[in-house]
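In this text, all values refer to a predicted model and were calculated from it rather than measured experimentally. Chain identifiers are assigned alphabetically (A, B, ...) following the order of the sequence lines, protein sequences preceding nucleic acid strands; residue numbering begins at 1 within each chain.
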Amino acid sequence: MSTWVPVADVARHEGHEITIKGWLYHRTDKGKLKFLMIRDGTGLIQGVMFKKAVPQAAWEAADRLTQESAIVVRGRVRADARAPGGYEIEVTDLEVVHRAEPDYPIQPKEHGVGFLLHHRHLWIRSPRQATILRVRATVKRAICDWLDTHGFVNVDTPILTPAAVEGTTTLFEVDYFGEPAYLTQSGQLYNEANIFALGKVYCFGPTFRAEKSKTRRHLTEFWMVEPEMAYATLEDVMEVTEQLVAHVVHEVLTRHRHELQARLNRDVSRLEKVTPPFPRLSYDEAVELLRRKGFEEFPWGEDFGAPHETAISEEFEKPVFVYHYPTQCKAFYMEEVPGRPDVCRSVDLLAPEGYGEIVGGGQRAASLELLARRLQEHGLPRDAYEWYLDLRRYGSVPHAGFGLGLERTIAWICGLDHVRETIAFPRMLERMYP
RNA sequence: UCCUCGGUAGCUCAACUGGCAGAGCGCCCGGCUGUUAACCGGGUGGUUGCAGGUUCGAGUCCUGCCCGAGGAGCCA
């Protein structure tokens, strides 16, 4: 009985007899010799099968093997320059656990996006997709590791909420025992309550936006990590953000450098430059930059669109902070800039290479009077926010936080052209299957 | 919601100015001891998105609808 070894560890067993449990990715027959490409979720390995080296039953079973058939292969590990990855298994026996039906729809070749998304439950088996999902897991772990070791307490905020955080047009409504409730857009307001109990906190989970957005940067269900800090300012947000993002990129490079290059064709030299500090640009300076770069007509006070974000970010090798946005284009809870009521203590982090905004945050309005006025100006129902206003009645302090979009961050790190590949089962406008 | 492009075999795509519905891959059969999306020979495969219209004749032109992709606005 030989040892069951994950494909990723095969190199460490050179010269030894091992067992691989996986699925047939591809097969090439050459008369009395067969090449079996086997995937097991940890990697891809080539099995070489000579007719004279295996029992007749195994040879005949291999003859009938279809793509994605579940197989257990035994054999000796050998280094061979002709094998993809440098190692292969000299097969001595084969057991077919399940012979897949012969019409597996996804071939190792080009397919259209619509077709692949319709078969997402099978598409995720493709090595490229599996790699992205592994990177996602690393990104999530790196985020939690960094926050956990820097004094942040992980607190879960509700997914079902009674009211909108930022306007009702982009909320998914659900029936809550006959009353309307909404899927959360953000855990921020609850986190602002949590900091008074715990100091520094973060929530990390799915959020939902019913935006009719159909672009490479949008999902209707996406994940955000939202740190929030008591006794903190806008400057603290920028420092924490750059430390966190740099740590995440570093961890991905440490664990997945080879996969990023081999499976995703990612230019990792771009990622190696992502070290603190990141450049900081005020909104005023960003507008000036845009006007120099061909957007002469860009009006002060507008939020940036995708072309503007790209134009700004391509001036820098690292992610770039843009802070002090116009008050009019940000949410009601932003703190004022002293002496400049037209701008607020907000910040966005724009990823390089045109990936756009991956972080939005700022310092929160600390005074009851300002917050109450803003609620009115934004036409929000005060009743629903009474609990939130309490936070400014009992020990209000300067505080700040941000939200980092997981899918956009992964798309940038992996160099993908659409966020839909960064999550196993993306939820998009007009696509809920599978 | 708006703009642009598209829908032909299981997949990726051809089909000139309206004139016999095609190829590669897949799948099935046969061959090959070093394949890398192998190669060679044979076979299989169609309500051209749906409904109507024009025409001797429509995949091709016209109208409506459905579906998909890219982008805009909004956002992470």
B:rG70 OP1/OP2 closer than 4.0 Å to side-chain N/O of A:Arg420 | yes

Pairwise 5' ranking along RNA chain B for A:Lys32 and A:Asp103, keeping only the more 5' one = A:Asp103

Centroid distance under 5.5 Å and plane angle under 30°, A:Phe35 vs B:rG34 = no

side-chain N/O A:Arg217 vs B:rC74 OP1/OP2, d < 4.0 Å | no

Do A:His256 and A:Thr138 have side-chain N/O donor and acceptor atoms under 3.5 Å apart?
-> yes

Would you please enumerate the stems RNA chain B participates in, each stem being three or more consecutive Watson-Crick or G-U wobble pairs with both distances under 3.5 Å?
-> B:1-7 with B:66-72, B:10-13 with B:22-25, B:26-31 with B:39-44, B:49-53 with B:61-65

C1' atom, B:rU4 versus B:rG73: distance in rounded Å?
-> 16 Å

I'd like a table of donor-acceptor pairs (distance under 3.5 Å, sequence neighbours excluded) in which one partner is a side-chain atom from residues 301-308 of chain A, with atom names and distances.
unit_1	atom_1	unit_2	atom_2	d
A:His308	ND1	A:Gly305	N	2.9

Excluding sequence neighbours, so at least two apart, what forms salt bridge (charged side-chain N to carboxylate O under 4.0 Å, His left out) with A:Glu88?
-> A:Arg78

To the nearest angstrom, how far is A:Gln185 atom CD from B:rA76 atom C1'?
-> 11 Å

Phosphate contact (B:rA72 OP1 or OP2) by A:Lys214 side-chain N/O below 4.0 Å = no

Side chains of A:Thr66 and A:Glu101: donor-acceptor distance under 3.5 Å anywhere?
-> no

Between NZ of A:Lys30 and C1' of B:rC39 the distance, given in whole Å, is 7 Å

Does the ring center of A:Tyr385 lie less than 6.0 Å from the ring center of A:Phe332?
-> yes

